[in-house]
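Scroll down for the structure; my scribbles are underneath it.
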Amino acid sequence: MSDCPAVAPEPDADENEASGHVHPTPLDHPPRRSPDRRRLTFLMVPIVAMIIASNVGDALTTTLATSHPLALVALNSRNRILVLVSGELDALSYYTVATLRLMLSDPLFFLLGYWYGDQAVSWMERRTRTFGDTMRQVERWFGRFSYPLVFLAPNNVICLFAGAAGMSVAGFFITNLAGTAFRLYLIRRVGETFESPIDNLLELLTEYRIPLLILSVALVAATSLFELRKGGSEIDAVLHLDDDLVGDEQGADSDDPDGNGR
């Protein structure tokens, strides 16, 4: 007799499907490396810098929208700002600067997902608690509609999912660039459609520049301080990224003592 213990044969895939014992996962995450501080610093520093730039852009929107619209886009390329200043910029400046600004963070979140997989997805869930439940639903959709989602909504969450799902780098960048260009085109058309009310708003911003500047700076400062005191600011979440990823990895190791990753 053999000393080897008997091993039950694994059920065939067709048998699993016939019996209904199929348990698909939202995303098929490839194996990931352990968190590395140097690699995380490479991601964290520019992300924090862009968050700060966006906050500065928010605070100075009422002034820069009429005086330096291109600088405002470079600081903050949220949709409302792009609509507000699209009529103030020629097409070349608008598309070039806005595309670069919008795509600066995308490869960083793609790499975050690519390097750390589900740990990064869990971190993003905690970072956006109000969006946490929806994120898992989006993740399930991403398994089937990855390229359409990257094209239609190339935001930080989707870019992270793209990396976590192991999407090809070339496919991600081509789809992301095309989706960003399409988004900017639509925003510019919206700006043209509502050109008259936007011009009226810009005139109002010019007329009351100083009091509106004081008000906007005060609002951004108050919001930032409130989030900082709660410990839920974007910068705080990024700065604790390494601790969160290490914690997730240790939790996964305790659930999987054999290190099989299953």
[X] and [Y]: which non-hydrogen atoms are nearest, and at how many Å?
X	Y	answer
A98	L82	CB-CD2, 3.9 Å
S224	N55	OG-ND2, 4.4 Å
P69	V85	CB-CB, 3.9 Å
F172	D106	CZ-O, 3.9 Å
L205	A65	CD1-CB, 4.3 Å

What pairs of donor and acceptor atoms, side-chain ones from residues 44-52 against any protein atom, are under 3.5 angstrom apart with sequence neighbours left out?
none

Do R101 and S54 get their side chains close enough for a donor-acceptor pair, meaning under 3.5 Å?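 Distance-only check passes for R101 and S54.
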Does one side chain, of T61 or N76, offer a donor that lies under 3.5 Å from an acceptor on the other?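 No.
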Would R189 pass as a cation-pi partner of Y185, given that its NZ or CZ must be under 6.0 Å from the six-membered ring centre and within 45 degrees of the axis?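 Yes, R189 and Y185 form such a contact.
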Measure from the side-chain N and O atoms of T63 to the backbone N and O of L60, and report whether any donor-acceptor pair falls under 3.5 Å.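 Not confirmed, T63 side chain does not pair with L60 backbone.
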From the options V169, N176, L160, select the one residue that forms a side chain to side chain contact (heavy atoms under 4.5 Å, CB included) with F110.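 Output: one option passes, namely V169.
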Heavy atoms, side chains only, cut-off 4.5 Å: are F161 and M167 in contact?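 When only atoms from C-beta onward are counted, M167 and F161 do not touch, as no gap falls below 4.5 Å.
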